[in-house]
Each structure stands twice: as C-alpha cells, then as structure tokens.
Undergrad: 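Could you have a look at this structure, given as structure tokens, before my questions?
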2 protein chains.
Amino acid sequence: MEKYDALKIENQICFPLYACSREIIKQYKPFLDELDLTYTQYLVMMVLWEKKVATVKELGTTLYLDSGTLTPLLKKLESKGLITRARSKTDERNLDVAITEQGEELKEQALSVPEQIAKCSNLEPEEAVMLYKILYKILKQGT
Amino acid sequence: MEKYDALKIENQICFPLYACSREIIKQYKPFLDELDLTYTQYLVMMVLWEKKVATVKELGTTLYLDSGTLTPLLKKLESKGLITRARSKTDERNLDVAITEQGEELKEQALSVPEQIAKCSNLEPEEAVMLYKILYKILKQGT
DNA sequence: CTATATTTAATTGCATACAATTGAATTGGA
DNA sequence: TCCAATTCAATTGTATGCAATTAAATATAG
C-alpha cells in the first residue's frame, strides 16, 4: 500500500458509481427517444404516473433535485402538454404539478422502457437485489 | 404485481444509482472546494497524478467522458496552471495533457480528500467490496 | 396583531454531459 | 502513390445539476 494509493481511480467507490449511472442512462436513451423524453423528464413522469399530482418540493425530495433543475424541466413538460403547473390554492408558495390526459396516455407507451432495459442487464438477480439495498442504504444516510 | 409496477421509481435500479452518484459527489464538494476543483476536474487530476501524461482520448476512455466535456474542462485546468495541453509530435491528431509542477504539488493536499470521505461512509467493508464488484461488472459490459 | 423568521419556487451563473458535426491528420487499400 | 475511410479534438446546441440569491407567501414569536 503506497502513500498515494487512495488517490487512484480504481480505489474509489464514487467513480464507478458516477460512471455506471451515466452508462445506464445512456442505455435508456434510444428507448426514451421514442417517447421524446430525457431521463430526468422520465423520472418526473414516473412520479406523476403514480401520484397524479405533486408539488415541486415533493418532486425534489423524491428525486433529489432542486427547483433550479426542476423549474425549467417542468416548463418543458408543460409545453409538451404532458403536465400542468398551477399555484396551490391552499398555499400559494407551492406549485402543484399535475399530469394531463396526454401525460396519462404516454404511460402505456412507457411500459416498454423497463421491459427493454431489463434485457440489457447482465446482473444476476441476487446482485441486483444487493446493489439496490446498498444504494438505498447510502441514500438513507442523507435523510 | 400490478401492470404498471415496473414504472415505479422504487422498482428501478437506475434511479438509486443516479441519485447516489450525485449525493456522494455532493459529499466531496466541501473538501474539493479547498482544492478549488470540481469533482470532474478532480477525476482528471487523479488520472494525471498517476500517469503524468495522457491524451484526451485516453482520459475519455478512462473516465467515460468525451471531448465535448473534456475540452473545456481541460482548458480550465490549464488556465489554473495545473496541466499543459500540446499536440503530440508523433501524431498531431492527439492532444497530450501533462501535469505541471503546480499540479504535482496539489497531490499532497489532495491526500486529505479520500481520507475525509472515508469517514462519511456508513457502509460495512463487505458492502463496499460488493458494491465495487457489481458496479465494475456493469461497466465492463459496455466494453 | 405585527414584525420577524421560515418556506417555497424562480432566477442567475457556472460547470458539466453528450449527440452531432466539423476539420485536420493519419491510415490503409487499390 | 493516391484517395477514401478512419481517428481524434474541437465546436455547437440542448439539457441538466446545483449553489446562491431573490421574492412572495405563510407561520410564529412576542
């Protein structure tokens, strides 16, 4: 163990995490292109397909993103007709983001995305479960 | 198992990967701020602390980044005096990126980064090893 | 009840990421 | 040898990420 070993890329855990994340997002691209969605837009749509409505704050908490990222992205989804944006009537600080009929329709088409992505993985099921557990353990630590 | 379950955030492996990557990079920020480096700049410097010289192509292969990301980033590191950029004499298509004396000096200071980051982790050593193995298995698949 | 503190989304500025294109240099085949 | 194909870095355009600030709305302490 040499003095500078800790500074080598191959001895870091963050780098493969960072690289893997981007490589897998690249795998999504051809499938998401068919929906005319970016990966981040797809994440927002996934939350709304499940919850129908969420504030910017809630989207940010769920996706670990802030308003600086979400505001322009949501305006884009709005311009595509997939969502609506409106101030909450009970608390005007909140912006309610709601899925539209058109947004709902995209859900059917989106079903093919996880289907096709699943085929790309070479992980054993136990590895996927292990990976999932470890990643959420790390994420929970920030709570 | 409902029809749309595969479209839920919590059933995806890519999302926690993406979120984890960004959360851990945020943990690096206060330490990297002291070196006046961003995380990506730090990655490039790590390669050069080890290899002294590398072409843009080699940096890109190692870090999974392309010239569109690296070119402006390398110009910034050059303007800080940490690296030099010069066309290779044997093949002018290649750009040789080399560490400077000042870049070498930063290595000492950088030693504290992995030290302090290690303290932030709540993973068991076996979990870290498992995570590392799985991530590199995914990365190798793209080779 | 009111001044202050807090919460929330938007904005600004900077730094990536990356697809697609360009242009220069080199390679390899006819 | 010569030219078509390939390789490589740079450029362009779009889309994030995120820290820091701003401004409006709401909550809270006194």
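All heavy atoms count here, side chains included; hydrogens, waters and symmetry mates do not. In the text below, chain A, chain B and the rest are named by the order of the sequence lines, each starting its count at 1.
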Undergrad: Ignoring backbone atoms, establish whether A:Tyr18 has a side-chain N or O less than 4.0 Å from OP1 or OP2 of C:dA17.
TA: yes

Undergrad: Please report the shortest heavy-atom distance between B:Pro114 and A:Gln12, naming the atom on each side.
TA: CB-NE2, 4.4 Å

Undergrad: Within the structure shown, what part of the strands sits under 4.0 Å from B:Asp66 by heavy-atom distance: base, sugar-phosphate, or nothing?
TA: base

Undergrad: Quickly work out the B:Leu59 CG to D:dC8 P distance and round it to whole Å.
TA: 13 Å

Undergrad: Would you indicate whether B:Lys133, at its atom NZ, is surrounded by more than 12 heavy atoms from other residues, nucleotides or ligands within a distance under 6.0 Å?
TA: no

Undergrad: Base, sugar-phosphate or nothing for A:Leu70? Non-hydrogen atoms, less than 4.0 Å.
TA: nothing

Undergrad: Considering just the side-chain nitrogens and oxygens of B:Lys57, establish if one lies under 4.0 Å of OP1 or OP2 belonging to D:dT6.
TA: no

Undergrad: Please report the distance, rounded to the nearest Å, between OH in A:Tyr28 and P in D:dT16.
TA: 16 Å

Undergrad: Closer than 4.0 Å, any side-chain N/O of A:Thr38 to the OP1 or OP2 of D:dT16?
TA: yes

Undergrad: According to a strict under-4.0 Å criterion, is B:Thr71 in side-chain N/O contact with OP1 or OP2 of D:dA10?
TA: yes

Undergrad: Between atom CD in A:Glu92 and atom P in D:dA27, what is the gap in whole Å?
TA: 12 Å

Undergrad: Take the protein atom CD of A:Gln41 and the nucleotide atom P of D:dA15, then report the distance between them rounded to whole Å.
TA: 7 Å

